[in-house]
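Below: one structure, written as structure tokens.
In the text below, chain A, chain B and the rest are named by the order of the sequence lines, each starting its count at 1. Because only heavy atoms are used, hydrogens play no part in the values below, and waters and symmetry mates are left out as well, while side chains stay in. Note that the coordinates shown come from a computational prediction; the quantities given were computed from them, not determined experimentally.
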Amino acid sequence: MLVDGLEAEREQGITIDVAHRFFATPRRSFMVLDTPGHEQYTRNMATGASNAQLAIILVDARKGVLVQTKRHSFICSLLGISNIVLAVNKIDLIKYKREIFDRIVEDYIAFAAGLRFTSIVPIPISARYGDNVASRSGNIQWYEGPCVLDYLERIDIQSNALMQPFRFPVQWVNRPNLDFRGYAGSVVTGSISAGDEVVVATSGQTTRIKKIVTHDGDLVRAEAGHAITISLEDEIDISRGALLSRPTEQPQVSDQFAAHLIWMDEDPLVAERNYILRIGTQTVAAANVTAIKHRIDVNSREHLPAKALALNEIGFCHISTALPMAFDPYEIIRETGSFIVIDRYTNRTIGAGMIAYPLRRATNIAWHPLSVSRNERAALKNQKACIIWFTGLSGSGKSTIANIVDQKLLWHTTPCCWMATTCGTD
Amino acid sequence: MLYSIGKDSSVMLHIAMKAFFPAKLPFPLLHVDTTWKFREMISFRDEIAKRLDVDLIVHVNKEGVERGINPVESGSVLHTQVMKTDALKQALDLYRFDAAFGGARRDEEKSRAKERILSFRSAGHVWDPRDQRPELWNLFNTRIREGETMRVSAMSNWSELDVWEYIMLEEIPVVPLYLAKQRSVVLRNSATIMVDDKRLPLKSDETPQMRMIRFRTLGCYPLSGAINSNAATIEDIVVEMQTATVSERQGRLIDNDEAASMEKKKREGYF
């Protein structure tokens, strides 16, 4: 039992904040994030869930899957917790009956089908008598799985961070003297070695890793979780907020994206108002929500129309930033896909979001610098290079005309080629 | 960066040295000295500052010294208020620091369990636990207004065992008082108090005796209770920790003053 820590909570008898508790077994250390469950504390749940790797969803065996069970599960899924322990509690009060447990599990699995969990482990427990909490219970012979603690000690929560593309958000430019310029930060995903080519996401500039510097000596290779200082072969413009990746695995760069947004402030979200936005180490001074596509009812997961988001409400929004930002979809990389929204006047953290996808896909395509210039090519062919664009409605004869132009140019031995695009609004 | 000379400060300093390498620490260390620290702590502090070539500021509340505030006669509550809390506020104001790193951990005490990593203080250094900024992922909102300050508990999510395991792994020097040794102590109010210098007045029924003791936490010596222990190496401490069941602050006499006392002290500006 966790005892509420602050005076206000002792007075009101509720958990109004996220409390951090620690315990360890010889196999593993645990941090318990204790958050309140009422709907008006959705933001606290989201805060707790943002740093959790596993959630224990407690269900009262007498009551089964309730609205709050669904709400908590949805928030866990939205924040990307993929491992769930479904602890069916007070099993003693239903006389350890298997049928009731089985029905609850069936209900929950049916409900969770639409959520993004990779594992759901149901365990019948009695917190009061300790059945299946820290040791297997003799009262529940029909249950053959592990007790809660045993499962928590053994579950593989290794993230796939190492398998993901290299991402290095620059925290600080380390310039101790004129001879050294390094970029300090932590590798959030993937790995990199000295000599590897890297690109600065927003500028598209590329260079190579010269050295990976640490207090304990230079490294040949650094991987997810390592705090390092990188020095580069070329002097390029990099400051705090730059995101380094490999040229072959670049993040998205856009000034517009779609995201789930959890509103955390008493004052509602107002579309078109400018807020400060922070993704990783990048901060943009002006960002606004251009459209609230829909609000999500946390209990039913229904999509509802919305003009504003009030405290604890979750919406799917289009967001526009004053400068292009580098990011990844939250589902793929949490660290580069999450952001917070800050009020410019009160400095409060008023929202938190998870990026779904960029909205201007075309900006992700960068022109590769070529050695042969357009003018050199034109001089060689003794012609002036130009592009002719045929535009018109579908069926108006663009391809037919282009085909005739192509033939006529060929008769004049003028090198040319034609490109067709698909029709559509893209 | 606040530097209390304790194990958590040692770890935090070590991590900062690593993070900023090859540059030097871009900020000074601040030690708020109550003048009642163990002698070994002060010599350790000066040696570390010299060896790591860091800028060390030592601040003492001179007014408190002039008023004769001390932990023995003034009582732990007044002494802590004047020589630690007020002194810290004085130093932060004097040097106009807008942020102070500290080694506080959430597992130490129950009101700390809910404190954020970045804890904001209004112009008068007041903490309002009801109005804390949510901290999601690793995204911190560091914006403050003129006059406001923040306390940064960089080691919030470390446990005491984590601290010792890291000290062992990285071979970080710590004050020798953490290691068990025969030391001269008296038993007072069920706490084991080390007789560190002549300033500790002995009561008529107190006779210093030699005991094999060590400290889990270091503060002002008349307020720091030792534990009986044979853990003479860092490895021994890690083993001892793995079986510990009470909070290290148990030995801190100042925490037991009154219910909700840490929360109260923190609202007043204690780290």
Side-chain angles (χ1 to χ4, degrees), chain A residues 2-10 15-24 26 29 31 34 43-44 46-51 79 171-172 174-177 180 182 184 186 188 213-216 227 229 262 264 276 278-280 283 334-335 338-340 342-344 346-350 352, chain B residues 14-24 26 105-118 120 128-145 148 150 156-162 165 170 241-245 247 259-264 266-267:
Chain A
L2 301 174
V3 182
D4 293 332
L6 299 175
E7 270 179 332
E9 294 177 19
R10 281 193 293 273
T15 313
I16 56 173
D17 212 312
V18 182
H20 302 72
R21 305 285 159 170
F22 304 83
F23 71 95
S29 294
M31 178 160 77
D34 178 25
R43 61 174 168 170
N44 307 63
T47 303
S50 75
N51 284 318
L79 271 291
Q171 289 182 15
W172 187 64
N174 192 336
R175 194 122 209 244
N177 55 55
F180 184 85
S186 288
V188 297
V213 179
T214 80
H215 185 263
D216 305 315
T229 296
I262 302 165
M264 303 187 144
I276 296 165
R278 177 159 182 193
I279 305 176
T283 302
R334 262 198 210 197
E335 291 83 352
S338 50
F339 63 89
I340 54 170
I342 300 166
D343 187 284
R344 304 214 289 177
T346 63
N347 287 335
R348 295 160 70 100
T349 302
I350 53 179
Chain B
H14 181 77
I15 292 172
M17 295 297 294
K18 289 180 76 154
F20 292 105
F21 179 86
K24 283 174 49 171
R105 305 191 325 271
R106 283 167 172 158
D107 79 335
E108 282 178 89
E109 201 273 342
K110 59 179 182 280
S111 84
R112 282 191 169 165
K114 299 199 173 182
E115 190 163 0
R116 302 290 193 263
I117 291 174
L118 297 194
F120 293 85
D128 181 0
R130 287 169 210 245
D131 188 26
Q132 300 195 77
R133 293 176 185 173
E135 288 178 348
L136 293 99
W137 304 288
N138 279 329
L139 294 174
F140 297 101
N141 171 359
T142 53
R143 296 177 63 85
I144 50 170
R145 277 184 276 198
E148 291 175 336
M150 57 183 154
S156 278
N157 290 338
W158 290 55
S159 67
E160 189 184 4
L161 179 61
D162 292 336
E165 285 180 335
E170 294 276 306
M241 276 302 99
Q242 283 164 344
T243 53
T245 52
S247 161
S261 71
M262 176 68 96
E263 184 183 343
K264 191 164 166 291
K266 288 201 314 180
R267 281 170 181 260

- So which of A:Ala352, A:Ser338, A:Ala227 has the biggest tally of heavy-atom pairs under 4.5 Å with chain B? A:Ser338

- Of the listed A:Phe339, A:Phe180, A:Trp172, the one with the largest count of heavy-atom pairs under 4.5 Å with chain B is A:Trp172

- Assess whether side chain to side chain contact (heavy atoms under 4.5 Å, CB included) is satisfied between B:Asn157 and A:His20, documenting all intermediate values. CA-CA 8 Å; B:Asn157 290 338; A:His20 302 72; 4.0 Å; yes

- Task: Any chance you could measure A:Ile279, atom CD1, to B:Trp137, atom CH2, to the nearest 0.5 Å?
- Result: 11.0 Å

- Query: Looking at CZ of B:Arg143 and OG1 of A:Thr283, how far apart are the two atoms once the value is rounded to the nearest 0.5 Å?
  - Reply: 8.5 Å

- Item | Residue part contacting chain B, namely of A:Asn177, when any heavy atom lies under 4.5 Å | neither

- Testing A:Ile350, A:Thr349, A:Ile340, A:Asn44 for side chain to side chain contact (heavy atoms under 4.5 Å, CB included) with B:Pro134, which one passes? A:Thr349

- Check each atom of B:Arg116 against the heavy atoms of chain A and say whether the ones under 4.5 Å are side chain, backbone, both or neither. side chain

- Task: Determine the sole option in A:Asn174, A:Thr214, A:Thr229, A:Val213 for which the side chain to side chain contact (heavy atoms under 4.5 Å, CB included) test with B:Phe21 is passed.
- Result: A:Val213

- Within a radius of less than 6.0 Å around NZ of B:Lys18, do more than 12 heavy atoms belonging to other residues, nucleotides or ligands occur? yes

- Message: Measuring from atom CD of B:Glu170 to atom NE2 of A:His215, what distance do you get when rounded to the nearest 0.5 angstrom?
- Response: 9.0 Å

- Residue part contacting chain A, namely of B:Phe120, when any heavy atom lies under 4.5 Å: neither

- Task: Spell out, as yes or no, whether a donor-acceptor pair under 3.5 Å connects the side chain of B:Arg133 to the backbone of A:Asn347.
- Result: yes

- Message: To the closest 0.5 Å, what do you measure between OG1 (B:Thr142) and CD1 (A:Ile342)?
- Response: 7.0 Å

- Task: Enter the distance from A:Ser50:OG to B:Leu139:CG here, rounded to the nearest 0.5 Å.
- Result: 8.5 Å

- Task: Enter the distance from B:Asn138:CG to A:Glu335:CD here, rounded to the nearest 0.5 Å.
- Result: 7.5 Å

- Task: Go through the atoms of A:Arg43 and report whether side chain, backbone, both or neither lie under 4.5 Å from a heavy atom of chain B.
- Result: neither

- Minimum heavy-atom distance between B:Ala19 and A:Ala184, given as atom pair plus value: O-CB, 4.5 Å

